[in-house]
Amino acid sequence: MTGLLEDDTDDELVVDEPLTTKEGWRRFVEHQAETPAAPSPAALLALASDARSELDEARRDYHAQLPLVNTPIIRQVLTTGRLLIQLNRRQISARRGLILSGASGTGKTTALTQLGRTHERAVRKRHTAPASTNRVPVVYVTVPPAATPKMLAVEFARFFGLEFRGRANMTDIVNAVCTTAARTHVELVLVDEIHNLNLATRSGAEVSDQLKYFAERLPATFATPGSRSKPRACSPASGDDRSPGASP
């Protein structure tokens, strides 16, 4: 279908595997809505009421999962995001992040996840060897309400499926996350629900610092949504003197 971002697999999405786990994220990347049958007008009239209701339900489900339209804004997000990923690949520090800014409800999260999905599919095409199955090129996490630095670190660990025995301390969790991200070749980190950070509070500032620490430790590009009264497609933010959640 021209002008749409399409998939080429037909795995079904699983409700109990959210995007904030690597299993849920992979299913999202691979998912494609299955086109329902399209009977002729005569065959449609001949359908029994139960069969007609089943067909209508399948059609509604299909339209609820239609591919994202490849609008100019989406193309700008994908182009800018993938360019930053490439530019940051050889950077040791001071990598530049990406902020998708716009008013509430304008599709920032949709654009963010589409960037991650497009990039991961490109990585899969580029690395087809069996060993590449261990790659996790994209990480998707959300900032919990009333978050603490440890809660944020646990969100990263949960995405990778890392488990800790006993009462693991903050250093153990952060080191495990950074080691796993390096071994799985993470290139893009999507941080959603950044509005849950309140920089006016001490805990909010500490979580922001923890996010900045991850941005320094992980050899990846960080992307996050931001809010503005006037929508903008995307804007790079310097990683040297701002946290990934701050507006440039």
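This is a predicted model, so every value here is computed, not measured.
A donor-acceptor pair under 3.5 Å links the side-chain atoms of Thr106 to the main chain of Ala103, judged by distance alone. Not a single donor-acceptor pair under 3.5 Å links the side chain of Thr142 to the backbone N or O of Asp192. Without hydrogens or angle criteria, Arg95 side chain to Arg89 main chain gives no donor-acceptor distance under 3.5 Å. The backbone N or O of Gln76 sits nowhere less than 3.5 Å from a side-chain atom of Thr79 that would complete a donor-acceptor pair. Judged by distance alone, with hydrogens and angles left aside, the side-chain atoms of Lys108 form no donor-acceptor pair with the main-chain N or O of Leu100 at under 3.5 Å. For the pair Arg135 (side chain) and Arg124 (backbone), a donor-acceptor distance under 3.5 Å is absent. At least one donor-acceptor pair closer than 3.5 Å links the side chain of Thr21 to the backbone N or O of Pro18. Although no hydrogens or angles enter the test, the distance criterion places no donor-acceptor pair under 3.5 Å between the side chain of Asp61 and the main chain of Glu57. Distance alone, capped at 3.5 Å, is enough to place a donor-acceptor pair between the Asn169 side chain and the Asp172 backbone.
A heavy-atom distance below 4.5 Å is not found between the side chains of Asp209 and Pro149. Glu155 has its side chain within reach of Pro144: a pair of non-hydrogen atoms, C-beta onward, lies under 4.5 Å apart. Residues Leu190 and Val141 have side chains not in contact (no heavy-atom distance under 4.5 Å, counting atoms from C-beta outward). The shortest distance between side-chain heavy atoms of Val177 and Phe214 falls below 4.5 Å. Counting only heavy atoms from C-beta outward, the side chains of Gln210 and Val174 approach each other to under 4.5 Å. By the 4.5 Å heavy-atom criterion applied to side chains, Leu218 and Cys178 are counted as neighbours. Looking at Arg52 and Asp56, their side chains come closer than 4.5 Å, going by heavy atoms from C-beta outward. Put simply, the side chain of Val191 reaches to within 4.5 Å of the side chain of Val189, judged on heavy atoms.
Hydrophobic clustering places Ile194 together with Tyr213 (ILVMFWY residues linked when any side-chain heavy atoms are closer than 4.5 Å, directly or through intermediates). At a threshold of 4.5 Å between side-chain heavy atoms, the hydrophobic network of Ile, Leu, Val, Met, Phe, Trp and Tyr places Met151 and Val207 in two separate groups. In this structure, Met170 is a member of the same hydrophobic cluster as Leu152, with clusters built from ILVMFWY side-chain heavy atoms closer than 4.5 Å.
Leu78 approaches Leu115 most closely through the heavy-atom pair CD2-CA, 3.5 Å. Taking every heavy atom of both residues into account, Gly204 and Leu197 meet most closely at O-CD2, 4.0 Å. Contact detail for Ile85 and Thr221: the closest heavy-atom pair is CA-OG1, 3.4 Å. Between Gly116 and Leu188, the closest heavy-atom pair is CA-CD2, 3.7 Å. Here the closest non-hydrogen pair linking Leu98 and Gly81 is CD2-CA, 3.9 Å. Nearest heavy atoms, Ala168 versus Lys150: O-NZ, 3.0 Å.
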Next on the checklist: Walk me through whether Ile99 and Thr224 qualify under side-chain contact (heavy atoms from CB on, under 4.5 Å).
Outcome noted: CA-CA 5 Å; Ile99 295 178; Thr224 184; 4.2 Å; yes
Item to check | Intermediate values then yes/no, salt bridge (charged side-chain N to carboxylate O under 4.0 Å, His left out), Arg202 and Glu206 | outcome: CA-CA 6 Å; Arg202 179 178 178 179; Glu206 290 175 346; 3.2 Å; yes
Item to check | Step-by-step side-chain hydrogen bond (donor to acceptor under 3.5 Å, both in side chains) determination, Thr118 to Arg82 | outcome: CA-CA 9 Å; Thr118 301; Arg82 300 207 60 209; over 6 Å; no
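Among Thr20, Val139, Val138, Val136, the single residue meeting the side chain to side chain contact (heavy atoms under 4.5 Å, CB included) criterion with Trp25 is Val138.
For Gln91, the CD atom counts as densely surrounded, since its 6.0 Å shell holds more than 12 non-hydrogen atoms of other residues, nucleotides or ligands.
A donor-acceptor contact under 3.5 angstrom links the side chains of Glu193 and His195, judged on distance only.
Separation of the Tyr140 and Phe159 ring centroids does not fall under the 6.0 Å cut-off.
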